[in-house]
Protein chains: 4
Amino acid sequence: MAGSVNKVILVGNLGRDPEVRTLPSGDRVVSFSVATSESWRDRNTGERRERTEWHNVSIFNENLAKIAEQYCRKGSKIYLEGQLQTREYQDKDGIQRRATDVVLQRFRGELALLDSRGGGAGAGDYEGGGGGYGSSSGGGSSFGRSSPMERSSGDRAPAPAPAGGGRLSDQLDDDIPF
Amino acid sequence: MAGSVNKVILVGNLGRDPEVRTLPSGDRVVSFSVATSESWRDRNTGERRERTEWHNVSIFNENLAKIAEQYCRKGSKIYLEGQLQTREYQDKDGIQRRATDVVLQRFRGELALLDSRGGGAGAGDYEGGGGGYGSSSGGGSSFGRSSPMERSSGDRAPAPAPAGGGRLSDQLDDDIPF
Amino acid sequence: MAGSVNKVILVGNLGRDPEVRTLPSGDRVVSFSVATSESWRDRNTGERRERTEWHNVSIFNENLAKIAEQYCRKGSKIYLEGQLQTREYQDKDGIQRRATDVVLQRFRGELALLDSRGGGAGAGDYEGGGGGYGSSSGGGSSFGRSSPMERSSGDRAPAPAPAGGGRLSDQLDDDIPF
Amino acid sequence: MAGSVNKVILVGNLGRDPEVRTLPSGDRVVSFSVATSESWRDRNTGERRERTEWHNVSIFNENLAKIAEQYCRKGSKIYLEGQLQTREYQDKDGIQRRATDVVLQRFRGELALLDSRGGGAGAGDYEGGGGGYGSSSGGGSSFGRSSPMERSSGDRAPAPAPAGGGRLSDQLDDDIPF
DNA sequence: TTTT
DNA sequence: TTTT
């Protein structure tokens, strides 16, 4: 299909700490569920109603997986972009089932932490603003896109310790802008 | 949850003609499935692989349901925005199952037809340019947002007859900009 | 143009309190600027660089304008969806200029407050979760979509007083789900 | 700013063939303008009105620049994702001006061609269904994300020759999934 | 299971 | 002008 788009955008909160699995291939996957919620007034009763939706998220994107593992915790509010993917599996009773996940594939998807708890942010981190539009201007925002060149840094400390804004990626990337 | 977002954006093709159901409440729902597809080169074998994903779409938004019913057909390429919703149901064997749909709720979601078959719009159709920014400028694009004031127009002709670009909504809306 | 989409999604912080203007037509517009920021490592120097982008936002959507006026303040972190619109104007020296804004038109766009300061959220506000998928299920999230039926409630108190999550819209809507 | 998002999604038509420039750094930039259009019924006069918006797009993402150069032409309908960027410049009369562009930075953004002219893809092109969910499953869609490993393939033939759906990237990528 |  |  020449042109198709499959995109999910969520802003919500993690229901639990992320889980990390290592695949037979050696790839690591970080997964968690995210709650979104909406409320409305019932057309008939006039009462306010609310509905919470739970989304299963799986991160194959290595950079974003690392960030999720290190900084996302139960209750964290995040912005994420992924794609819809439905898989079939057999449950413990041998029944064939389907489940639809929000997946951030290798080199794809976005993740941004939206709560500022723990935010140190040393003075001077943002100095002068702007920035040109010059030829060397890379891009990226939040913990945007990963790069295929980056190797695992090995540190999967269980402790969160969210660093100050804009500094996180320093610990993760090498020299690829993102 | 004060701030949460649950949004799906798809560009893909309908696998079948839309189905129309009328709910006990009298509301009508239009549903169909949309295929998106992606291809990549296998990391190990070097072969090109492709995967098609099927999305079940349900439109409760009355205006967009009408448009889908009238103009979408098997094979139509569309842009749509909806939200993820997972529901539980019992299958014919009494097994409890879950299914995740892309839902366009009342007054919500977007739908745009992307193929121009039947479309007037000859060469130069888009070269009109400009347009003001007056104070009375409403908004809307494609078949954007429906309005709660609009009642069903009654005409659910089975024939498609896609009109020229941008004219469709004339047949559907009254005086609400969208 | 049969199918076109013009959408901007921003997550960022307000640079100042919102400004409210009343148009000759009587419509009110709420406007503010939003900062987004990205950082990357310079390809040549290896230094971390940052660039902040400022977006001018104008809200014509009445419901969302009210919410912005009441709850958004300098520094607030928000999620918003709007469209790009470029307008021409004459500056004070009579020079013809163009400016591109992110606009939330009547009945269009989305706005969600992402910081929880002031968040009371009485216990029991979220009880039982879920919610069915019944025929009366409206939609909406955050302070999603406005409705053409709602009139201005008249209260434009300068004081913020952000209420507990999910309660805000109670003060604004009547019986339209959103 | 720890969590910020700056995203533009457009579906529209190119107003002219893309222009290609080479920067002093050697990087190439492909730029063009895209028209989106919306129509609505005037609240006062009841007349249908239409407004076309023109967006200046600049592609620094090397892969997507190549694709745009090869396959996008005046009139092409595309889906794209980029970010807003405002730059200052001096016009020919020495007046300082600002312009806001939609930018696809290196390794960022998305581009999908939505018209099927020249497209092989006969009937039944999208009815293949399924596709696995293997552990080695990469991702990507359309001409999603570029990779830093890919070098310019050198062929910037001025002739379009759009190939059949999903095959295009074969000519561009090496072994990076996208 | 989250959050408001 | 924000935020980290």
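Here is the naming used below: chain letters follow the sequence lines, and residue numbers restart at 1 for every chain.
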From [atom1] of [X] over to [atom2] of [N], roughly how many Å is that when rounded to an integer?
X        : N     : atom1 : atom2 : result
C:Asn13  : F:dT3 : CG    : P     : 6 Å
A:Tyr79  : E:dT2 : OH    : C1'   : 20 Å
C:Asp115 : F:dT3 : CG    : C1'   : 10 Å
C:Arg73  : F:dT3 : CZ    : P     : 14 Å

Side chain of A:Ser37, base of E:dT4: donor and acceptor closer than 3.5 Å?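 Absent.
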
N/O donor-acceptor pair, side chain A:Ser33 with base E:dT1, under 3.5 angstrom: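 Pair found.
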
Side-chain N or O of A:Lys74 versus OP1/OP2 of E:dT1: is the shortest distance under 4.0 Å?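 Result: no.
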
If we ignore angles and hydrogens, is there a donor and acceptor under 3.5 Å between the side chains of [X] and [Y]?
X       : Y        : value
D:Gln85 : D:Gln105 : yes
A:Glu69 : A:Tyr71  : no
C:His55 : C:Thr36  : yes

Between F:dT3, E:dT1, E:dT2, which nucleotide gets closest to the side-chain atoms of A:Arg16?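 Given the options F:dT3, E:dT1, E:dT2, the side chain of A:Arg16 is closest to E:dT1.
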
Nearest to the side chain of A:Glu50 - E:dT4, E:dT2, F:dT1?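 Of E:dT4, E:dT2, F:dT1, E:dT4 is nearest to the side chain of A:Glu50.
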
E:dT2 base stacked by A:Trp54 (centroids within less than 5.5 Å, tilt under 30°):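 Whether judged by distance or by angle, A:Trp54 falls short somewhere, so it does not stack on the base of E:dT2.
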
